[in-house]
Enquirer: 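Sharing a structure below in structure tokens format, with a few things to ask.
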Amino acid sequence: MNSTETPGDAESGTDTAQISIDDVSKVYSSETSPVEALRDVSFGVERGEFVSIVGPSGSGKSTIFRIVAGLEAATEGAVFVDGEPVTEPGPDRGMVFQDDALFPWRTVAENVAYGLEEVGAPDGYTVAERVEYCLDLVDLPDKADAYPKELSGGQRQRVGIARALAVDPPILLMDEPFGSVDARTKASLHRGLLNIWTETRKTICFVTHDIEEAVYLSDRIVVFSGAPGTVLNIVSVDIDRPRNRTGEAFTDIKGQVLSYFEDEEAE
Amino acid sequence: MAGRNESETVGLEPERLGFRRGESLGLQLGALAAFVVVWWGVALVTPRNLLPLPPTVLGVLVADTASGLVFELIWQSLRHYVPGLLIGSALGMAVGIAVGWSERIDLTVGTVAGVLRPVPPLAWIPFAIIWFGLNDRGAAFIIAIVAFWINYYNAEGGVGGVDDQLLEVAQSLGTKSNLGLIRRVVIPSAKPDLFTGFRTAAGQAWMVMVAAELLGVPGIGKHLWDAANFLQMQVVIAYMLVIGLLFLLSDRLIKVFEARALAWR
């Protein structure tokens, strides 16, 4: 591999990191030849931090999402959440997918209530109150009784976020959640998500291939290389929010992230 | 038909989308009327004992309705049709879901099912007789076998079509056990297929019911066979129509429940 040391090493494995990804490799066995999806990936995500993972398609960024979520096991290495190794999905890590993954047979309110029916409402709430609070949070208070098919793509993503937030997980894992909505809807979802993040102080791990989206939202950006996925660099975005997408600092960081991909291609 | 449609919807609107409610009802009634006219015409040039005229058949239906015989026969048939359909469907759905869900069950139970599946339902008649006898239970057994397989394959297919991502979401929201996932994700998600299976089985069950009653179990089918033995073809046709009507009624009834249960689609 070209990039030998990842600058992220310094930040990984520290005691303060809520999510600690520790030397994770993933190889998919196949009948012809094994496919190496991730190689020695290490980085940490601090409590309350908003971290994006960007990379080209096939860079293994969705694989690392699935390993952190507990949907797949690492071939080598491990992921720790609050010091505990991740072995399965759980209500401490809310998940939001690209194609909303709402239960089509449940109304919006029933979708949001799903996890509450399993693990109960957080302290101080009834299920109904919690559903109402979460729908307010994503700005969909009047859609409680609608079925997913009656909603727009952006609205469905909001419901998906509300459903993940309902059980009050400390961590929100999002896999290209806004990948299939139009640009204007995307901008409004970005503002909405940042408001929610500000209000709830969740730790957010956000996978995307959209560099501008990552720069707009994140505290730090983990830049992934192509196959096999490795961490090329970790970029801090020290710009006050709300961020101006056309500002100089913004475009500088965008260019900086992009340059890692170009460097990699050049080599 | 095509001409009328074109005059109203200029352009390339697909025909299957182009009909309004009143229009389609008119077409259906027209087709039924045409069917009776053709039957009548053919019957006029056919020896009476081979194909009776529509009024003769109507006469049988009116007389048997007045005497209550139609309802008695329907009741006799329902006494094995309903239990056979319900028991066979419930078992078929349960086993189909289990086979669709678990690879282990698929490899074991599914393999055995694959061997038994090609056995024609009527080949079970000897077992129906020696296990249950020539009665409602024997006939119900044959109907249940038909219902079982139809529901089994629809349920298995429905479970196979469940979106993995929904299962992952459910797990992340705290549904851990197999039974929990089946109850809260798999069954609701597969419901359209379960309904299709049940509705298909309900239709097929009417057909196999007639054959099962050939054994001598009282009901519409038995009555139909007895009439055929005496070459009372007007009675045969009359009860063929009754079975057709029962099929339509049961199909509509299930569709009403289906539409209500699947309003989310």
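Letters go in sequence order (proteins before strands), and every chain restarts at 1. Keep in mind it's a predicted model, so treat the numbers as computed, not measured.
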Enquirer: Count the heavy atoms of every other residue, nucleotide or ligand shown that sit under 6.0 Å from CZ of A:Arg201, and state whether that count exceeds 12.
Expert: yes
Enquirer: Salt bridge (Lys or Arg N to Asp or Glu O under 4.0 Å): which pairs involve residues 126-135 of chain A, sequence neighbours left out?
Expert: A:Arg130-A:Asp168
Enquirer: Nearest 0.5 angstrom please: B:Lys176 NZ to A:Glu118 CD, how far?
Expert: 9.5 Å
Enquirer: Enter the distance from B:Asp163:CG to A:Asp99:CG here, rounded to the nearest 0.5 Å.
Expert: 7.0 Å
Enquirer: Considering only heavy atoms from C-beta outward, does the side chain of A:Phe103 approach that of B:Pro188 to under 4.5 Å?
Expert: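 The answer is no; the side chains never approach within 4.5 Å.
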Enquirer: Heavy-atom pairs under 4.5 Å with chain B: which of A:Arg163, A:Arg106, A:Glu150 has the most?
Expert: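 Among A:Arg163, A:Arg106, A:Glu150, the one with the most close pairs to chain B is A:Arg163.
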Enquirer: First locate atom CH2 of A:Trp105, then atom CD1 of B:Ile187, and finally report the distance between them rounded to the nearest 0.5 Å.
Expert: 10.5 Å
Enquirer: Is chain A contacted by the side chain of B:Ala170, its backbone, both, or neither, given a heavy-atom distance below 4.5 Å?
Expert: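 Both backbone and side chain.
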Enquirer: Not counting sequence neighbours, list each pair that qualifies as a ring-ring contact (aromatic ring centres under 6.0 Å, His included) and has a residue in residues 127-177 of chain A.
Expert: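 Listed by first then second residue: A:Tyr125-A:Tyr133.
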Enquirer: Given that the side chain runs from C-beta out, which part of B:Lys191 has a heavy atom under 4.5 Å from chain A: side chain, backbone, both or neither?
Expert: neither
Enquirer: Report the option among B:Gln171, B:Arg265, B:Glu168, B:Arg184 that has the most heavy-atom pairs separated by less than 4.5 Å from atoms of chain A.
Expert: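 Looking at each option in turn, the highest pair count goes to B:Arg184.
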Enquirer: Check whether any side-chain heavy atom of B:Ser172 sits under 4.5 Å from a side-chain heavy atom of A:Leu173, and report yes or no.
Expert: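 Side chain of B:Ser172 against side chain of A:Leu173, heavy atoms only: no contact under 4.5 Å found.
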Enquirer: Quick check on the interface: out of A:Gly90, A:Gly70, A:Gly160, who has the most heavy-atom pairs with chain B under 4.5 Å?
Expert: A:Gly90
Enquirer: Report, as yes or no, whether the 6.0 Å neighbourhood of atom CZ on B:Phe257 holds more than 12 heavy atoms from other residues, nucleotides or ligands.
Expert: no
Enquirer: Is A:Thr107 close to B:Trp264 at the side-chain level, that is, under 4.5 Å between some pair of heavy atoms?
Expert: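 No, every pair of side-chain atoms sits at 4.5 Å or beyond.
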Enquirer: Quick one: are B:Val185 and A:Tyr114 in side-chain contact, heavy atoms under 4.5 Å?
Expert: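 The answer is yes, as the side chains (C-beta and beyond) meet within the 4.5 Å cut-off.
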Enquirer: Check the surroundings of atom CZ in B:Arg117: do more than 12 heavy atoms from other residues, nucleotides or ligands lie under 6.0 Å from it?
Expert: yes
Enquirer: How many angstroms lie between CG in B:Leu173 and CZ in A:Arg93, if you round to the nearest 0.5 Å?
Expert: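 The CZ atom of A:Arg93 is 12.0 Å from CG of B:Leu173, to the nearest 0.5 Å.
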Enquirer: Using heavy-atom distances under 4.5 Å, tell me whether A:Leu102 contacts chain B through its side chain, its backbone, both, or neither.
Expert: backbone
